[in-house]
Amino acid sequence: MLWTLLSIVVAFAELIAFMSADWLIGKVNPRSNAEPDDQNRGPLERYHPTLGIYARCIRNPGVQHFQRETLCGPYAESFSEIASGFWQATAIFLATGIFILCMVALVSVFTMCVQSIMKKSIFNVCGLLQGIAGLFLILGLILYPAGWGCQKAVTYCGPYASAYKPGDCSLGWAFYTAIGGTVLTFICAVFSAQAEIATSSDKVQEEIEEGKNLICLL
């Protein structure tokens, strides 16, 4: 049960991180002096734009009588428009790993009642897939900082941004979530072996000997 829950959490965490724009937090941008002067707007505001693999969040400068707001969405309308070739590779590796994790999370729900298919342990197969997914995630995370020297990143992070050097940017929660999810992916792969042992317990074997074909582990 613990392995199943952890597998689902990891898949969702990686998916949310991948879709987020909070991978890089850009340098502070003060409110433009060109904006209309409105006494109701209060003091000069400072905000941090954020940049993800294919998405970004920026502040809408607003106009008089209309409130400013943060606009988030993809800056790339197609795969080829992703800012860096390294980020394109990152997107491929992360998407592949996340797809595998989502499939494993779906299958893990059924492992509470079905433990083998064609005489192959589902736990062992899922554990192997999670290990493979973890490798894809590691490759994506290693390649991601290599793209910090692209023009898009330089716009957000200043002229000192380069490969593996974020310049004036800092790392956002999405990057750390992706790292944490990758670590948990390998932990899940290890737990799958423990789940296999649990299904082979004496209690389970006794129920099998009693003729029960469907045994749910809760």
Other hydrophobic cluster members with Ile25, side-chain heavy atoms of Ile/Leu/Val/Met/Phe/Trp/Tyr under 4.5 Å, chained? none
With a 3.5 Å cut-off and sequence neighbours excluded, list the donor-acceptor pairs that the side chains of residues 92-101 form with protein atoms.
{"from": "Thr96", "atom 1": "OG1", "to": "Ile92", "atom 2": "O", "distance (Å)": "2.8"}

Within a strict 4.5 Å, meaning less than it, do heavy atoms of the Val125 and Leu128 side chains meet? no
Minimum heavy-atom distance between Cys126 and Val104, given as atom pair plus value: CB-CG1, 3.9 Å
Considering all heavy atoms, the nearest Lys27-His48 contact: C-ND1, 4.1 Å
Nearest 0.5 angstrom please: Phe18 CZ to Thr90 OG1, how far? 9.0 Å
What closest approach, in Å, do Ser108 and Ile8 show between heavy atoms, and which atom pair accounts for it? OG-CG1, 4.3 Å
Sorted by chain and number, sequence neighbours left out, disulfide bond (SG atoms under 2.5 Å apart) with Cys57 holds for Cys72
For residues Met19 and Trp23: do they belong to one hydrophobic cluster (side chain heavy atoms under 4.5 Å, members Ile, Leu, Val, Met, Phe, Trp, Tyr)? yes
Summary of side chain to side chain donor-acceptor pair (under 3.5 Å) pairs that have at least one residue in residues 73-82, sequence neighbours excluded: Ser78-Ser80
Are Ile82 and Lys152 close enough that some pair of their side-chain heavy atoms sits under 4.5 Å apart? no
Approximate separation, where rounding is to 0.5 Å, of Ile122 CD1 and Ser192 OG: 12.0 Å
Hydrophobic clusters here meaning ILVMFWY residues chained together by side-chain heavy-atom distances under 4.5 Å, can you tell me if Ile187 and Tyr176 are in one? yes
Measure across Leu143 and Ala89 and return the closest heavy-atom pair with its distance rounded to 0.1 Å. CD1-CB, 3.8 Å
Check which hydrophobic residues are tied to Trp173 through side-chain heavy-atom contacts below 4.5 Å, counting indirect links as well, and list them. Ile16
Closest heavy-atom pair and its distance - Val10, Gly181: CG1-O, 3.7 Å
Can you pull the disulfide (SG to SG under 2.5 Å) pairs that have at least one residue in residues 131-188, sequence neighbours excluded? Cys157-Cys169
Are any side-chain N or O atoms of Ser20 and backbone N or O atoms of Ala17, one a donor and one an acceptor, separated by less than 3.5 Å? no
Could you report the tightest heavy-atom contact between Ala91 and Ile53, atom names first, then the distance? CB-CG2, 4.2 Å
Taking the side chain as every heavy atom from C-beta outward, state whether Tyr156 and Leu24 have any pair of such atoms under 4.5 Å apart. no
Pairs satisfying side chain to side chain donor-acceptor pair (under 3.5 Å), at least one member in residues 128-138, at least two apart: Trp3-Gln130, Ser7-Gln130
Is Trp87 reaching over with its side chain to a backbone N or O of Tyr144, donor-acceptor style, under 3.5 angstrom? yes
Starting from Leu135 and following side-chain heavy-atom contacts under 4.5 Å between hydrophobic residues (I, L, V, M, F, W, Y), which residues can be reached? Ile138, Ile142, Tyr164, Phe186
Side chain to side chain donor-acceptor pair (under 3.5 Å) with Thr50: which residues, sequence neighbours excluded? Asp22
Within 6.0 angstrom of Met103 CE, more than 12 heavy atoms from elsewhere: yes
Do Val107 and Val9 share a hydrophobic cluster (ILVMFWY, side-chain heavy atoms under 4.5 Å, transitive)? no
Results of side chain to side chain contact (heavy atoms under 4.5 Å, CB included) for Ile179 - residues two or more places apart only: Leu141, Phe175
Distance (rounded to the nearest 0.5 Å) between Trp148 CH2 and Lys165 NZ: 12.0 Å
Joint hydrophobic cluster, Leu184 plus Leu2, side-chain heavy atoms closer than 4.5 Å: yes
